[in-house]
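To start, the structure itself, in structure tokens.
All of these numbers come straight from a predicted model, not from anything done at the bench.
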Amino acid sequence: MTIFSTAGLFIALSLLIVLILAFIVITPWLRAARSQDNPVDNQLLDINVAVFRERLAELKTDKDSGTIDDSHYQNQKLELERQLLSAQRQIAPMVIPGVKSRLIVAVWVPILAAMAYLLIGNRTPVFELWQAEDKVGQVADDLLTGKIDQPPEWAIEDGRQLITAMQTNVHRHADDPNRWMRLSELFLSLEATPSALEALSRAYRLSPDNEEIATTYAQISFFANNGQLDVNSRRVLQDVLAKNPQHEGAQMLMAMGEARGSNFEQAQGWIKRLRDSISAKPGDHTNALASLDELSANVNAQKQQASEGIEVTVKVTSSLLPLVKGDDVLFIAIRDVEGGPPYAAKRLPISIIKQGEANISLSDLDAMMPERTIASARAEKTQLAVVARISHSGNAVAETGDLSGNPIVISAEQNQVNIEINQQVP
């Protein structure tokens, strides 16, 4: 579709709307003209006026003859005069507009409509969209349908036009999961991870049985969530494995996610399943098996580090539980009592708190910097404290309304601590 055909379509639709409105306005005039050709018969009105006048004359005669008194005469006369005035009222006929007036309306309606369209709103984005579709609309469609893998050089001279055309194309074919999938690849290439996740979630909802879409969605969610499996990505992977228990990509993500969540036994179980699956295949898989052995060794090392960490039990006082919201975030950290960056910290969804309590492990695996660990702090005899806070905004810095607890100082040998969230940040 060229820019001329697009503009032509707009002009045709505008003229159609103008004609419809003009028809609505002019129709009453035409009806009035027809009604003028058939004037209303006023004979009945003339008869009523004559009757009222005769009745007034009769009242005057009755008064003069003494049949009725003066008070009764005045009341009856006033009532008859009122009815007579009402009957004599005439409605002024509508002045029928001439040809000149109709032509003025017919000309000015489309002119005013066009002026309102051009002047009231900023149509620049619309015109830019038309230009993008006219220039690279077909290239965008070919990319989204897999007909081409790379756009021609001339099409990427203005990358914004191509992106706009692709987004418009996808929304016009909103029920096509493959287009959403390829749009997510575009967002990933631009490092727009949230937009890529949104596109992938739409693709997954449209085609939940597509393993490629499902595993890609889970993988991007996994890495966007700092290597952790949230409830949604875990559910997606479990659905994939329920349909295909030997899916290697899903098994690897489950192993990595369980390890990151300190579920080391489950992580080793997934590694073993993956290793057995690869070993059963024909051919040389030495490199893949070596990578799994390295991953297993890393999991064991993480398990050892976690065993040297600190188990923290977080409790929320019952009076503050009504203030906890579903999208809140729990921050827990181990830091120097004198301040400074934490030696270990976790940012967790509020769903980890069950019935007002949660058990969390903090170790060197949760160190913010490689050289600043709990082990190094204890070696330097640093006095450590555990802090916990529920944030409504999700920001690492405390804000008014957040829920917090008093820091709990721990000794060098202590590996378990209880902390209560019992106050609101003023």
Side-chain angles (χ1 to χ4, degrees), residues 125 128-244 246-258 260-261 270 274 327 329 347 349 394:
E128 291 178 349
L129 175 61
W130 289 351
Q131 292 174 355
E133 291 185 335
D134 292 332
K135 182 179 179 181
V136 294
Q138 188 58 50
V139 175
D141 188 78
D142 292 342
L143 284 170
L144 292 169
T145 54
K147 294 179 181 178
I148 59 175
D149 296 326
Q150 294 292 334
E153 293 185 3
W154 62 267
I156 57 178
E157 293 176 356
D158 187 348
R160 189 179 64 173
Q161 281 191 337
L162 182 59
I163 294 171
T164 300
M166 292 181 68
Q167 289 179 294
T168 304
N169 185 291
V170 170
H171 283 281
R172 286 177 176 171
H173 302 84
D175 57 347
D176 186 349
N178 293 320
R179 292 177 192 260
W180 285 107
M181 178 74 171
R182 293 187 175 90
L183 181 62
S184 71
E185 295 173 356
L186 170 66
F187 286 134
L188 288 174
S189 67
L190 299 174
E191 298 184 356
T193 304
S195 298
L197 279 174
E198 176 62 25
L200 282 168
S201 68
R202 289 176 178 266
Y204 177 72
R205 289 198 297 269
L206 290 169
S207 182
D209 296 329
N210 188 311
E211 290 184 354
E212 180 185 3
I213 293 176
T215 52
T216 302
Y217 179 34
Q219 181 179 2
I220 300 304
S221 299
F222 174 78
F223 289 112
N225 199 32
N226 298 320
Q228 293 183 342
L229 288 177
D230 57 16
V231 175
N232 188 50
S233 55
R234 183 183 292 274
R235 176 182 57 81
V236 172
L237 290 175
Q238 288 174 344
D239 289 343
V240 172
L241 291 168
K243 299 168 185 174
N244 183 6
Q246 303 303 318
H247 195 287
E248 296 178 0
Q251 290 179 357
M252 177 61 77
L253 285 173
M254 288 296 292
M256 296 169 64
E258 297 292 9
R260 189 68 178 84
W270 285 111
L274 186 56
D327 55 352
V329 175
R347 182 183 188 276

A side-chain contact here means heavy atoms from C-beta on lying under 4.5 Å apart; do [X] and [Y] qualify?
X: Phe222; Y: Asp230; answer: no
X: Glu248; Y: Met252; answer: no
X: Tyr204; Y: Asp239; answer: yes
X: Asn244; Y: Gln246; answer: yes
X: Leu143; Y: Arg182; answer: no

Does [X] reach the main-chain N or O of [Y] with its side chain, forming a donor-acceptor pair under 3.5 Å?
X: Trp180; Y: Ala174; value: yes
X: Ser189; Y: Leu186; value: yes
X: Thr215; Y: Glu212; value: yes
X: Thr145; Y: Asp141; value: yes

Show the nearest heavy-atom pair for residues [X] and [Y], with the distance to one decimal.
X: Ala224; Y: Thr193; result: CB-CG2, 3.8 Å
X: Ser201; Y: Glu198; result: OG-O, 2.7 Å
X: Val236; Y: Ala214; result: CG1-O, 3.4 Å
X: Ala255; Y: Trp270; result: CB-CB, 3.7 Å
X: Pro152; Y: Val139; result: CD-CG1, 3.9 Å
X: Ala140; Y: Met166; result: CB-CG, 3.6 Å

To the nearest 0.5 Å, what is the distance between [atom1] ([X]) and [atom2] ([Y])?
X: Asn169; Y: Leu183; atom1: CG; atom2: CG; value: 9.5 Å
X: Arg260; Y: Asn225; atom1: CZ; atom2: CG; value: 9.5 Å
X: Gln228; Y: Arg234; atom1: CD; atom2: CZ; value: 10.5 Å
X: His173; Y: Asp175; atom1: NE2; atom2: CG; value: 8.0 Å
X: Ile220; Y: Leu200; atom1: CD1; atom2: CG; value: 6.5 Å

Review point. Under the side chain to side chain contact (heavy atoms under 4.5 Å, CB included) criterion, do Met181 and Tyr217 qualify, and how do the steps go?
Key: CA-CA 9 Å; Met181 178 74 171; Tyr217 179 34; over 6 Å; no

Review point. Would the number of heavy atoms belonging to other residues, nucleotides or ligands and lying under 6.0 Å from CD of Gln238 be above 12?
Key: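 Count over threshold, so yes.
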
Assess whether atom CG of Asp149 is packed by more than 12 heavy atoms of other residues, nucleotides or ligands within 6.0 Å.
->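 Open: at most 12 neighbouring heavy atoms sit under 6.0 Å from CG of Asp149.
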
Carboxylate-amine/guanidinium proximity below 4.0 Å for Asp176 and Arg202
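Arg202 and Asp176: not salt-bridged.
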
Short side-chain donor-acceptor distance under 3.5 Å, Asn232 and Arg235:
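Yes - a donor-acceptor pair under 3.5 Å links their side chains.
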
Please test Leu206 against Ile213 for side chain to side chain contact (heavy atoms under 4.5 Å, CB included), starting from the C-alpha separation and ending with a verdict.
CA-CA 10 Å; Leu206 290 169; Ile213 293 176; over 6 Å; no

